[in-house]
Amino acid sequence: MSRDPDLLRRPRGADATSSFGPADCVTRPHAPGEAHDGRAIYVSDESALVHFRQFIVRELGWLAACALACWAPTPWIAFPAAAVLVLWLPGRMVVRLVGQGGRGVGTAWSALGASIVLTPLALNWVWSVSNDRWIVFTTVVLIDVGLVLLAARVHPPPSSAGPSGSRAQRAALLGIIVWTAACVLGAYWVPRASDRAATPAAHDYVKHHAVMLSLERHPLPLHNVFYAAEADTPYYYYVNYYLLPGALRALSGNRVSIAFAFGLTSAVVAAVVIALVYALALTCTGRASAALWAAACVSIVGGWDLFPVLLRLLGGHSLVVTLDAWCPVPWRVHNLLTQFIWCPQHVSAVLALLLAVRWLHAAPRAWWWVLAAPLLAAAILGTSVYLAMTVFVAGAVYVWVMLWEQRWASEQLRRSLLCVGLMVVLGAMLMAFPAWQYAEMARRYPGGLTWRWERFPLAFLGRLVPPGPPANLLDAPWLLLLDFGLPGVCAVLVAGTWWRGLWRQPGTRLLLLCAIVGGPAMFVIRSDVNPIDYGFRVSIMPTMIVAALCVAAVAGTTHLRRGVFRVRGSLLVAGCLAGLPVGGYEAPASALRSLLERSPIAGDAGALNFLRTQTPLTAVVQGDPGEARLGLVQLADRAVGVLDPSNPHVVVFRPLDVARMERAFVEVRAAFAGEASAAAHRHLRAWGVTHVLVGQIERKRYGSPPGFRDAAYFELLYDDGRAEVYRLRETFERAAGTDPVAQPETAGEVP
């Protein structure tokens, strides 16, 4: 059994105790053919001119072909071409610029990751001006052209040394990635064949669709599609991630559904995270078989939630689809596969962290970190403010440790301080406006971050002290061991040499610090905006990745505690089998249940299709404003007049005047509850409604609302015997001399 502390491989030419880049940010560029540590080699000799021209012709040729294909009349051509321009070309040029454009393990996945992380930073600015297809298209093409011209001056380094795995191992990795990506896509994309009226199984898709619909119809800032009276009030959210599927749809002429574009982007994010964890584990252990275990433990192998679920099943509870639902919400730890489906915007922030880890490992002292670090930080903030808080704290500790290690080298310390100062200034410039947006939105909510906790209902040791962070931390070990499963056990079994090896390497040191900060933060700080605000629970993801690397260490027989080697095989098999229900049951069940289960509103399919295809894009549709109609926005692809202001998904778009929205909710519900036609029309029109849906939900709750049958006020547009669609008439007010907006009893105003 190897205990070599140097098994974690160092990049060539890098000091084992070095930290990331500021110290060497003024180092001259390498000459062609000169030895390097992963940094770019800039071309200046005559022989490179031929390469420069060939590269320009080849890359710009592909770019031009894809740009033209975006305008093809079929999505089968336009959408893949848009994906190349948005998700592939930008990142491919970026990894070449940072000196990783060869054919090493993970290079192609890094290219996808760089596009996902960095492209939205530019799209955010252009979307603030316009969401017009031509403007978005031109911006993306200009970005790609500029990056191609910059990258043409750079020779990529040789392919990375080290094993890449056998053909069978590469096939196994591909199988893990494809299975996970298919589960993520299936959880979001529900085909509309046969006029289906089912909503995607991903429970947070309600607000994802709302953000995407706003991006389709309006420039930034976001508009409210849940409440028409304050639709134009600026709203702010983790918008950067949504700009990727938004750009894919815009470049392809919106010829694919929002659900497909969003689901596909989320699937690609999941695939890249798995691949980069595999590449990181391969670098750390040198064994492809061990790296496969790490890839499996950030995807199909989850925690051991099945055991408490079965105990609850024996106690009379029903079997849940999401296995970690056994735990009360504030303490719930989602496995990474559930995170891929539930919150891909937060996973995108983890992807930015993984890119930083990979680039730090290859080139910890490269000059381009002065620009790369602020860009990656801005990308994390723009996709997950919660994860940004923990990563930024860890980053500050990382920089402090780096400066401490250089305390005796005065010249190197001066350069490091100068470059850190430049990073801070550039980062502040990039992140000041998004930070202001988050602060502006936070002012609309009562409460916020808090240290106060109720008693954990399943507390064991935590009952020895009052409720709060100390009580949570006392129960955290057994809770994390259960929720992490095999990775949690392996994190305990690896020896100290493994942890010291992770600490010595610049990249894994940053990841380790993020795990140290983010893991406990989940049990210490929370958001009390609403009961199911997950807040700092996303900060656990870096800890999960570190734990997965520990599984690779155990599988690779490196750095194990004494006595573990003999039982490691049985431990790996048993731990994997106990965690497989996450990928073998939970994920496919989530993806398939909306296809296999009969929708409770199947009879509304015709009416929903009519609203989606036969009404103006500016139509404002209204059904019952309660929670049962929460999916109306995504099924009709139209804004609604008002939905329940207390719903946690609707709360994401919190208006300035919440009391007014609550009044709208009451009056719209009264219109369905049996008000006279004149009053129903007055209330609905006052809150901006143009069309009314009376379907199965409305009939079940209110019977057959009689107020909509008066043709003087409501025009029947669709009736198939199961659902009806009415349009509010606009001409009777002048004839009757009773404009409802002018009446003093009107509760709202026409927006």
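Counting from 1, the numbers follow the sequence of the chain as shown. Here the structure is a predicted model, which is why all the values come from computation and not from measurement.
Tyr238 pairs by the side-chain hydrogen bond (donor to acceptor under 3.5 Å, both in side chains) definition with nothing, not counting sequence neighbours. Thr139 pairs by the side-chain hydrogen bond (donor to acceptor under 3.5 Å, both in side chains) definition with nothing, not counting sequence neighbours. With sequence neighbours excluded, the residues that form a side chain to side chain contact (heavy atoms under 4.5 Å, CB included) with Thr390 are Leu387, Val517, Ala521, Phe536, Ser539. For Glu59, the side-chain hydrogen bond (donor to acceptor under 3.5 Å, both in side chains) test picks out Arg92, with sequence neighbours left out. With sequence neighbours excluded, the residues forming a side-chain hydrogen bond (donor to acceptor under 3.5 Å, both in side chains) with Trp359 are Gln100, listed by chain and number.
Counting all heavy atoms, side chain and backbone alike, Leu244 lies closest to Pro120 at CG-CG, 3.7 Å. Considering all non-hydrogen atoms of both residues, Ala378 and Met431 come closest at CA-CG, 3.7 Å. The minimum heavy-atom distance linking Cys66 with Val84 is given by the pair SG-CG1, 3.6 Å. For the residue pair Pro344 and His208, the shortest heavy atom distance occurs at CD-NE2, 4.1 Å. Shortest non-hydrogen contact noted between Ala78 and Cys70 is CB-O, 3.4 Å. Between Phe653 and His223, the shortest heavy-atom contact is CE2-O, 3.8 Å.
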**OP:** Test side chain to side chain contact (heavy atoms under 4.5 Å, CB included) on Ser266 and Leu185 and set out the steps.
**Re:** CA-CA 7 Å; Ser266 303; Leu185 175 60; over 6 Å; no
**OP:** Please assess Ile116 against Ser348 for the test side chain to side chain contact (heavy atoms under 4.5 Å, CB included), listing each intermediate value before the final yes or no.
**Re:** CA-CA 7 Å; Ile116 291 167; Ser348 179; 3.8 Å; yes
Subject >> Intermediate values then yes/no, side chain to side chain contact (heavy atoms under 4.5 Å, CB included), Val347 and Met541 >> reply: CA-CA 8 Å; Val347 176; Met541 285 190 273; 4.0 Å; yes
**OP:** For the pair Trp125 and Val129, evaluate side chain to side chain contact (heavy atoms under 4.5 Å, CB included) and give the outcome as yes or no after the intermediate values.
**Re:** CA-CA 7 Å; Trp125 290 103; Val129 177; over 6 Å; no
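For Tyr278 and Trp109, the gap between ring centers reaches or exceeds 6.0 Å. Aromatic rings of Tyr241 and Phe262 (six-membered ring for Trp) have centroids within the 6.0 Å cut-off, being under it.
Between Leu248 and Leu87, the closest side-chain pair of non-hydrogen atoms falls below 4.5 Å. Two residues are said to be in side-chain contact when any heavy atoms from C-beta on lie closer than 4.5 Å; Ile258 and Tyr205 meet this criterion. By the 4.5 Å heavy-atom criterion applied to side chains, Leu150 and Met93 are not counted as neighbours. The closest side-chain heavy-atom distance from Val350 to Val538 is not below 4.5 Å. Proximity of Trp368 to Leu97: side-chain heavy atoms (C-beta onward) are nowhere separated by under 4.5 Å. Within the 4.5 Å cutoff, side-chain heavy atoms of Val420 are placed close to those of Met402. A 4.5 Å side-chain heavy-atom check between Leu280 and Thr508 finds at least one atom pair inside the cut-off. Looking only at side-chain heavy atoms (C-beta outward), Leu276 and Ser110 come within less than 4.5 Å of each other.
The closest donor-acceptor contact from the side chain of Thr383 to the backbone of Asn240 lies at 3.5 Å or more, if one exists at all. Proximity of a side-chain donor or acceptor of Trp127 to a complementary backbone N or O of Leu215 within less than 3.5 Å is detected. Although no hydrogens or angles enter the test, the distance criterion places a donor-acceptor pair under 3.5 Å between the side chain of Arg217 and the main chain of Leu617. Thr180 places a side-chain N or O within 3.5 Å of a backbone atom of Ile176 that can act as its donor or acceptor partner. The backbone N or O of Ala210 lies less than 3.5 Å from no partner atom in the side chain of Ser214, so there is not a single donor-acceptor pair. Using a distance-only test at 3.5 Å, with no hydrogens or angles considered, a donor-acceptor pair links the side chain of Arg638 to the main chain of Pro616. With hydrogens and angles ignored, the 3.5 Å screen pairs no side-chain donor or acceptor of Arg509 with any backbone N or O of Tyr398.
Rounding to the nearest 0.5 Å gives a distance of 8.5 Å between NE2 of His346 and CG of Asp204. Note that the CD atom of Gln437 and the CG atom of Leu220 stand 8.0 Å from one another [nearest 0.5 Å].
There is no side-chain donor-acceptor pair under 3.5 Å between Thr265 and Tyr242.
Heavy-atom contacts from other residues, nucleotides or ligands closer than 6.0 Å to CH2 of Trp88 number more than 12. The environment of CH2 in Trp436 is crowded: more than 12 heavy-atom neighbours from other residues, nucleotides or ligands sit within 6.0 Å.
Within the structure, no pair that satisfies the salt bridge (charged side-chain N to carboxylate O under 4.0 Å, His left out) test touches residues 111-139, not counting sequence neighbours.
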